[in-house]
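Here the structure is laid out as structure tokens; the discussion comes afterwards.
Sequence lines set the chain letters: A, B, ... in the order given, protein chains first and strands last, and positions in each chain run from 1. Values below: every heavy atom of this structure, side chains too, minus hydrogens, waters and symmetry copies.
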Protein chains: 2
Amino acid sequence: MKTRIQELRKKHKISQEELALTVGVTRQTITSLENEKYVASLVLAYKIAKYFHLRIEDVFDFSDVEVEGL
Amino acid sequence: MKTRIQELRKKHKISQEELALTVGVTRQTITSLENEKYVASLVLAYKIAKYFHLRIEDVFDFSDVEVEGL
DNA sequence: ACCAAATGTATAGTTTACTTTACATTTTTA
DNA sequence: TAAAAATGTAAAGTAAACTATACATTTGGT
């Protein structure tokens, strides 16, 4: 799952640690998400999107996700 | 986490089984989501929203989710 | 009322998101 | 260029999403 987390974070000039603190996870979680080690949970995805004043779909790239029959 | 899955599913007149099949999970997963046994993963949330031609935030209710400092 | 379809529920097991700790490497800035 | 801040990485553990199977209850149509 590709994400714009790193891009958005740098645009806002905040560290992984600061983002981690405000969304309530550890720094390692943010690192892992940025490096695509795993996919964020729904709630975490929401919190991160909210932090950047965006919608989930604007932060996470679902273009590789298929839904059978559209 | 409250969801509109059941409401949307009934509006579209499809069974849990049919929804489960098209989004690629078991029927029990849909039942559990509708009865708030647990929260959908990000990818599943996306697939369900897509199925109903909606955005994630329109299917799942994040009003109880807080992000420190907005 | 009857039968079938749909839904709820339970338990045990697997996978994955996330934590904790710790250390190594890169980037920034003074 | 040296110190500090930021980032990457790794291993072991916990928690939660999801599966599989099975059975019980509810709902809907005839």
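Between the P atom of dG8(D) and the CD atom of Glu36(A) lies a distance of 12 Å, rounded to the nearest Å. What separates CD1 of Ile30(A) from P of dC18(C) is a distance of 9 Å, to the nearest Å. In this structure, Ile48(A) places its CD1 atom 12 Å from C1' of dC18(C), rounding to the nearest Å. Between the CG atom of Asn35(A) and the P atom of dT25(C) there is a distance of 17 Å, given to the nearest Å. One can place CG of Leu21(A) at 15 Å from C1' of dT7(D), the figure rounded to the nearest angstrom.
Residues Phe52(A) and Arg9(A) form a side-chain contact, since some pair of their non-hydrogen atoms from C-beta on lies under 4.5 Å apart. Using a 4.5 Å heavy-atom threshold, the side chains of Leu54(A) and Arg4(A) count as touching.
Across residues 6-16 of chain B, not one residue has a non-hydrogen atom less than 4.0 Å from an atom of DNA chain D.
Not counting sequence neighbours, the partners of Thr29(A) by the side chain to side chain contact (heavy atoms under 4.5 Å, CB included) test are Val25(A), Thr26(A), Leu33(A), Tyr38(A), Leu44(A). Not counting sequence neighbours, Phe60(A) has no partner by the ring pair (Phe, Tyr, Trp, His ring centres under 6.0 Å) test.
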query: Should Leu8(A) and Tyr51(A) be marked as a side-chain contact (heavy atoms from CB on, under 4.5 Å) after you check the CA-CA gap, both sets of side-chain angles, and the distance that decides it?
result: CA-CA 10 Å; Leu8(A) 291 164; Tyr51(A) 180 89; over 6 Å; no
Every protein N/O lying under 3.5 Å from an N/O of nucleotides 2-5 of chain C:
none

Polar-atom pairs under 3.5 Å, protein N or O versus N or O of nucleotides 15-22 of chain D: list them with distances, or write none.
{"from": "dA17(D)", "atom 1": "OP1", "to": "Val39(B)", "atom 2": "N", "distance (Å)": "3.2"}
{"from": "dA17(D)", "atom 1": "O5'", "to": "Val39(B)", "atom 2": "O", "distance (Å)": "3.2"}
{"from": "dC18(D)", "atom 1": "OP1", "to": "Ser41(B)", "atom 2": "N", "distance (Å)": "3.1"}
{"from": "dC18(D)", "atom 1": "OP1", "to": "Ser41(B)", "atom 2": "OG", "distance (Å)": "2.5"}
{"from": "dC18(D)", "atom 1": "OP2", "to": "Ser41(B)", "atom 2": "N", "distance (Å)": "3.3"}
{"from": "dT19(D)", "atom 1": "OP2", "to": "Thr26(B)", "atom 2": "N", "distance (Å)": "3.1"}
{"from": "dT19(D)", "atom 1": "OP2", "to": "Thr26(B)", "atom 2": "OG1", "distance (Å)": "2.9"}
{"from": "dT19(D)", "atom 1": "OP2", "to": "Thr29(B)", "atom 2": "OG1", "distance (Å)": "2.2"}
{"from": "dT21(D)", "atom 1": "O4", "to": "Gln28(B)", "atom 2": "NE2", "distance (Å)": "2.9"}
{"from": "dA22(D)", "atom 1": "N6", "to": "Gln28(B)", "atom 2": "NE2", "distance (Å)": "3.4"}

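Over its full length, the helix from dA1(C)-dT30(D) to dA30(C)-dT1(D) turns its helical axis through 70°, comparing axes from the five pairs at each end and rounding to 10°.
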